[in-house]
2 protein chains.
Amino acid sequence: MDQVNLKKLAKELNLAVSTVSRALRDSHEISPQTKERVRELAEKLGFQPNPHASSLRQNKSKTIAVIIPEIENNFFSQVINGIESVSPTKGYHVLIYLTHEDYNKERDMLQLLRNGRVDGVMVSVSNTTTSFEHIDAWRQAGLPLVLFDRTCDELDVPNIMTNDAEMAFKATEHLLKRGCKRVAFLGMGGNLSISNRRKAGYLAALEKYKIATPPQVIELTAKDYINRETLHQVFSQQPPDGVFAAIEKFAVNTYEVCKELKLHIPKEVKVVSFSNLQAAALFDPALSTIIQPAYDIGREAANILFKLIEKKILMPFEKKMVLPSQLIERASTAELIR
Amino acid sequence: MDQVNLKKLAKELNLAVSTVSRALRDSHEISPQTKERVRELAEKLGFQPNPHASSLRQNKSKTIAVIIPEIENNFFSQVINGIESVSPTKGYHVLIYLTHEDYNKERDMLQLLRNGRVDGVMVSVSNTTTSFEHIDAWRQAGLPLVLFDRTCDELDVPNIMTNDAEMAFKATEHLLKRGCKRVAFLGMGGNLSISNRRKAGYLAALEKYKIATPPQVIELTAKDYINRETLHQVFSQQPPDGVFAAIEKFAVNTYEVCKELKLHIPKEVKVVSFSNLQAAALFDPALSTIIQPAYDIGREAANILFKLIEKKILMPFEKKMVLPSQLIERASTAELIR
DNA sequence: AAATTTTTCGAAATCGTTTGCAAAGAATTA
DNA sequence: TAATTCTTTGCAAACGATTTCGAAAAATTT
């Protein structure tokens, strides 16, 4: 036994284990002198309390889980960064779980975490998620949970998101004002709240500007080669003159296909996309983007989760928090020079 | 108490706690019939063993830690993805810690994790790390640890990395063969193993091709605006005609500054960089990159860590594993058309 | 039928920390 | 001085799962 624990300290100091424990937790019922003695030896022996014993006894793990669809995506990386800006200050540890856009995995993970391993979870649901029972089960069990970005409006659970519909409207409007007549929307299938919000914004803009040509909603997938094939097929018949991509990846696919088909951006096709890629400005041409406040979303979501964990009462605005995105106009939606 | 535990199951079944425990762990000393009875009720009541109690008793946490400098970087995201491709299959959970390139944080984290919270750690050291005592302390304590990418050759700890020196040599050689006379190297300060290896490869290439002009090593930082300032200053005097960036971020900075100074890439300056950004092909001009096998590095590092945890003996090649990178030549290093 | 082995299960200790309660001594009050 | 509080400490029981040890019961062998 080279591991130092309370018992060892207690024996060394001729004290009871309980006294040592209390001394280290700075309890008022321990005299300053003994506290000092205990602290000194603990320091000297490099004592570190066993987290499993503490967790077991106190029934709290000082750990939270982050469940996201993927991580090779600037948005989610930045969210994690935001979360990590809070968690250490609260003494919390962060577990990461990837669903790879698989509802079954998501459900199973959430189920598996209901054993006290974590004190709360932050979820951005996968795009194959149709039922929210697994989320609701957490809510019903009274366990702390927040949804971010890919949320679910119906549930009485804190949502932290951005103004998707509004920005989708603005992006579409931007394309229309730049002279586009046939604007296509690239979304991911499923009935993800986020997809719906973005599609709704797109449709609203078309309606407001009384666009005659019917909306063109193209549903893409997680696989690049499938997307390229789909786009290739659509674009080689009658290409749209404006593309609004709901995800960065789809904008990249659009660029690739336009290059293949020798469609000039922005002369023949203008492109705007939700994206948090800093390097979007270096694209050929520079990509107009809607930047989401990913870091802030992560930070605020974490703050709210910790409030839930600490059983503090949430302010009304914290139940459904909307952090605004920003539209950056770049060359990919530049006006034609006549 | 709505929480189901062994005691509850035992009482319900008129069995001893130990029997229930053994039945659920499929012990040979429990009859098939009772096993079935126990399993059925456990299933029905949704029993999930308390991980803290198990961890405490068994002295293992089924958790590993990943300590990385940052996460808003495609490379590290891909590494995590690789790790996550292994850990669930082993029943392990993954904690993420960010050092933000701060040696003190790194040291403290490693110290803090020496309390049984995790069964092993994977570290990519920060660039402010000069001493490796904190790493060595783990090794000496016999705790499982692997280093990846940003490693330390001196220590007797498994290293999983890529062929940095070789690829740096190739990248520099590539620039020289494309006609560059004054190739600059953009590295990050500190004496990180990875920086040294890349710098060494750069210098070796200059030497082999007997370049008369002295090497130009420019040390950049984590802050974009500082880097832009530095590069602006250097480039506005006598710009190099070739730039080899050790990190993606520095290539982006180079692009930005070249745009400011109206230096044409690749006519006046050719650029090649270590980068795992898929979108590098869409840059203006498309960026020549050295792609690191990030996913594989994560996967292999995790595999080796689990071998250590399971006290399996490592094969010699697993102690220092080198996974090859790939040089993709694109427009940013295209030959001039005369 | 007796002796032995094998199968099946229970009691209790254990992991390390926290905490309710009791007890002793010191300090204060009546 | 006696009765009371307050301060400081120790004892022991949790928390929930695992595991050692041992004891019945059943199956097998002699």
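Labels below follow one simple rule: chain letters A, B, ... track the order of the sequence lines, proteins then strands, and each chain is numbered from 1.
Computed from coordinates, the Leu6(A) CG to dT9(D) P distance equals 16 Å when rounded to whole Å. Rounded to an integer number of Å, the gap from NZ of Lys7(B) to C1' of dC15(D) is 9 Å. dC9(C) atom C1' lies 14 Å from atom CG of Leu13(B), rounded to whole Å. Distance Lys11(B) NZ to dA17(D) P: 14 Å, rounded to the nearest Å. In this structure, Lys8(B) atom NZ and dC15(D) atom C1' are separated by 16 Å, rounded to whole Å.
Ion pairing between Asp296(A) and Arg299(A) holds under the 4.0 Å rule for side-chain N and carboxylate O. Salt-bridge annotation for Lys105(A) and Asp108(A): absent, with no side-chain N of the basic residue lying under 4.0 Å from a carboxylate O of the acidic one.
For Ser126(A) and Thr129(A), the side-chain atoms include at least one donor-acceptor pair closer than 3.5 Å. Between the side chains of Gln3(A) and Asn50(A), no donor-acceptor pair is found at a separation under 3.5 Å.
Taking both residues in full, the closest heavy atoms of Asp153(B) and Lys320(B) are given as O-NZ, 3.7 Å, listed atom of the first, atom of the second, then distance. Between Asn159(B) and Cys152(B), the closest heavy-atom pair is ND2-O, 3.4 Å. When all heavy atoms are compared, the tightest approach of Ala141(B) to Arg114(B) is CB-NH2, 3.5 Å. Between Arg150(A) and Ser193(A), the closest heavy-atom pair is C-OG, 3.9 Å. Scanning all heavy atoms of the two residues, the minimum distance from Pro51(B) to Gly116(A) falls at CG-C, 4.5 Å. Here the closest non-hydrogen pair linking Ala301(B) and Val146(B) is O-CG2, 3.8 Å.
The base of dG20(C) sits with one of its N or O atoms less than 3.5 Å from a complementary donor or acceptor on the side chain of Arg22(A).
The backbone N or O of His52(A) sits nowhere less than 3.5 Å from a side-chain atom of Ser55(A) that would complete a donor-acceptor pair. A donor-acceptor pair under 3.5 Å links the side-chain atoms of Ser61(B) to the main chain of Arg117(B), judged by distance alone.
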Check your understanding: DNA chain C in dot-bracket, Watson-Crick or G-U pairs under 3.5 Å, [ ] crossing, | other strand?
Key -> ||||||||||||||||||||||||||||||
Please tabulate the protein-to-nucleotide N/O contacts below 3.5 Å involving nucleotides 24-26 of chain C, giving atom names and distances.
none

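The phosphate of dT18(D) has OP1 or OP2 within less than 4.0 Å of a side-chain N or O from Ser21(B). The shortest distance between the side-chain N/O atoms of Thr19(B) and the OP1/OP2 oxygens of dG10(C) is below 4.0 Å.
Of the residues in residues 45-62 of chain B, those lying under 4.0 Å from DNA chain C by heavy-atom distance are Leu56(B), Arg57(B). Taken residue by residue, residues 26-37 of chain B places no heavy atom nearer than 4.0 Å to DNA chain D.
Counting only residues at least two apart or in different chains, ring-ring contact (aromatic ring centres under 6.0 Å, His included) contacts with residues 122-143 of chain A comprise Tyr103(A)-His134(A).
Checking dC15(C), dA11(C), dC15(D) against the side-chain heavy atoms of Ser18(B) singles out dA11(C) as nearest.
For Phe47(B), there are no ring-ring contact (aromatic ring centres under 6.0 Å, His included) partners, not counting sequence neighbours.
Nucleic acid contact for Asn115(B): none, since no nucleic acid atom lies under 4.0 Å from a heavy atom of the residue.
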